[in-house]
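Computed from heavy atoms alone, side chains included, the values below leave out hydrogens, waters and symmetry copies. If you read the sequence from its start, that first residue is 1, and numbering goes on from there.
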Amino acid sequence: VASSLLPNDHWESNYDISLRLSFMMASAANSSCKYDDAEIILQRILKEARCTKDKLPSYLLLSQIFQAQGKVVDAYGTCSSILTQLGETIPDSVDPEVVGAMI
C-alpha cells in the first residue's frame with residue numbers, strides 16, 4: 001500500500017525510498033511465504049537498481065527464495081550471475097583438485 005503513495009516516476013524521483021521500500025515489501029512477502037510476489041518485486045529492484053551494491057541484498061534474498069522452493073538450479077544461477085558480475089570466475093565443474101587450488 002505504501003508504494004501506491006509514491007509518484008509514477010518514483011524510481012527516478014525517489015530512488016532511495018523506492019529501493020528501501022521495495023526491498024522491505026519483498027522481505028515481507030518472503031516472510032509470508034508469498035514467494036511469487038517477492039520474486040516480482042525483487043526482479044523490479046534488479047531492473048531499476050543503479051549499481052551492483054544496491055542489487056546485492058535482492059540477489060541474496062532471491063537466491064534464498066529459490067532455495068526455499070527447492071529451485072536449486074535457479075538459486076545457483078542467481079548466485080553465479082552476481083559473482084560473475086563481481087568479477088569472480090565460476091568453474092563449470094568442480095573436483096577436489098580445483099577446490100584445493102581455489103583455497
Side-chain angles (χ1 to χ4, degrees):
V1 177
S3 62
S4 66
L5 300 174
L6 295 172
N8 290 337
D9 69 339
H10 63 91
W11 279 102
E12 292 81 28
S13 61
N14 298 303
Y15 177 77
D16 289 332
I17 291 172
S18 298
L19 184 64
R20 286 184 284 160
L21 179 60
S22 295
F23 189 77
M24 286 190 291
M25 289 170 32
S27 295
N30 177 50
S31 295
S32 302
C33 298
K34 295 181 180 179
Y35 300 125
D36 292 337
D37 293 343
E39 185 177 346
I40 290 167
I41 296 165
L42 292 169
Q43 292 297 345
R44 178 74 189 266
I45 293 171
L46 295 173
K47 177 184 172 198
E48 300 290 346
R50 295 178 182 164
C51 64
T52 303
K53 179 184 173 194
D54 290 346
K55 295 178 183 182
L56 287 175
S58 295
Y59 274 119
L60 176 60
L61 183 56
L62 188 58
S63 67
Q64 291 171 338
I65 288 169
F66 288 147
Q67 185 67 31
Q69 294 176 319
K71 298 179 180 178
V72 179
V73 173
D74 290 335
Y76 177 82
T78 300
C79 293
S80 293
S81 173
I82 190 59
L83 287 171
T84 301
Q85 290 178 47
L86 293 170
E88 295 296 325
T89 303
I90 309 298
D92 292 330
S93 63
V94 179
D95 58 40
E97 290 178 19
V98 172
V99 172
M102 294 172 77
I103 297 175

*Tyr59 and side-chain contact (heavy atoms from CB on, under 4.5 Å): which partner among Leu83, Thr52, Leu46?*
Leu46
Taking C-beta and beyond as the side chain, do [X] and [Y] meet within less than 4.5 Å on heavy atoms?
| X | Y | value |
| --- | --- | --- |
| Asn14 | Leu21 | no |
| Leu42 | Ile65 | yes |
| Gln43 | Leu62 | yes |

State the [atom1]-[atom2] distance between [X] and [Y], to the nearest 0.5 angstrom.
| X | Y | atom1 | atom2 | answer |
| --- | --- | --- | --- | --- |
| Leu60 | Gln64 | CG | CD | 4.0 Å |
| Lys47 | Lys55 | NZ | NZ | 12.0 Å |
| Asp54 | Ser18 | CG | OG | 11.5 Å |
| Arg44 | Leu19 | CZ | CG | 12.0 Å |
| Ile41 | Glu39 | CD1 | CD | 11.0 Å |

*Please answer whether the main-chain N or O of Ala68 pairs with a side-chain N or O of Tyr35 as donor and acceptor at a distance below 3.5 Å.*
no
*Ignoring hydrogens and geometry, is there a side-chain-to-backbone donor-acceptor pair from Thr78 to Asp74 under 3.5 Å?*
yes
_Flag for Gln67-Ser63: side-chain donor and acceptor within less than 3.5 Å_ = no
_Tell me whether Asn8 at atom CG has more than 12 heavy atoms from other residues, nucleotides or ligands lying less than 6.0 Å away._
no
Is there a chain of hydrophobic side chains (I, L, V, M, F, W, Y, each step under 4.5 Å between heavy atoms) that links [X] to [Y]?
| X | Y | result |
| --- | --- | --- |
| Leu61 | Leu86 | yes |
| Ile45 | Leu56 | yes |
| Ile40 | Trp11 | no |
| Tyr15 | Phe23 | yes |

